[in-house]
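Since this is a predicted model, take the numbers as computed values, not measurements.
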Amino acid sequence: MPRPTIAQLTYGTCTVIFSTLAMLLLSQTSSGPGIAVVVVAAVALGVLVAMTVPVPKASRAPMGRPATRARSAPRPTTRTATARSGIGRPEPVSVPARASVHAPVPASVAAASEPVRETTAP
């Protein structure tokens with residue numbers, strides 16, 4: 001079951017509060033059972049209003065690729081009629097990865113037989 005949105009909660013709560021006040025003022029009841037009937041009716045009306053508030057539709061555009069799918073090789077890009085007209089999904093662009101830069105290791109460090117150890121204070 002989907003969770004209610006902020007708009008649904010807001011409209012439902014406002015409906016319960018205002019309809020309870022209106023029904024209590026209009027009915028002028030002061031007995032316990034009369035107040036209970038008004039409260040139950042207001043809560044039912046609030047739930048009805050909250051459930052009829054339009055829910056935003058999910059977008060049709062994909063949010064991203066699932067993490068479980070792995071691509072073995074990049075697909076070649078081809079232009080289609082939608083790509084030429086500017087309508088639809090944009091074409092994928094391949095960006096080359098940066099080459100890693102390694103600085104040369106000084107000869108004094110490379111020739112050491114064991115790692116350098118510093119003494120600690122007593």
Side-chain angles (χ1 to χ4, degrees):
M1 181 174 172
R3 294 184 180 181
T5 62
I6 299 296
Q8 288 174 318
L9 291 174
T10 304
Y11 285 133
T13 303
C14 290
T15 301
V16 169
I17 292 170
F18 291 128
S19 62
T20 302
L21 290 175
M23 286 188 277
L24 285 174
L25 290 174
L26 291 174
S27 67
Q28 296 178 353
T29 184
S30 59
S31 66
I35 293 173
V37 169
V38 167
V39 169
V40 169
V43 169
L45 184 62
V47 169
L48 178 69
V49 167
M51 298 310 281
T52 57
V53 171
V55 179
K57 294 180 181 177
S59 65
R60 292 185 179 201
M63 297 301 289
R65 295 186 184 269
T68 58
R69 288 181 56 187
R71 292 175 52 180
S72 58
R75 294 183 300 183
T77 57
T78 58
R79 291 187 173 251
T80 61
T82 58
R84 277 184 251 130
S85 66
I87 302 171
R89 294 175 52 187
E91 292 183 20
V93 177
S94 61
V95 179
R98 292 185 181 178
S100 59
V101 178
H102 296 287
V105 178
S108 61
V109 174
S113 60
E114 63 181 60
V116 178
R117 297 184 184 165
E118 296 182 14
T119 59
T120 57

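Considering every non-hydrogen atom in both V53 and A7, the closest pair reads CG1-CB, 4.4 Å. Of all the heavy atoms in Q8 and R3, the pair that sits closest is OE1-O, 4.4 Å. The heavy-atom pair separating V38 from S27 by the smallest distance is CG2-OG, 4.3 Å. When all heavy atoms of G46 and V16 are compared, the closest pair comes out as CA-CG2, 3.7 Å.
Taking OH of Y11 as the reference point, atom CD1 of I6 lies at 12.5 Å (rounded to 0.5 Å). Atoms OG1 and CE, on T20 and M23 in that order, are 5.5 Å from each other to the nearest 0.5 Å. A distance of 9.5 Å separates CG of L24 from OG of S19, quoted to the nearest 0.5 Å.
With T52 contributing its side chain and V49 its backbone, the two residues share a donor-acceptor pair below 3.5 Å.
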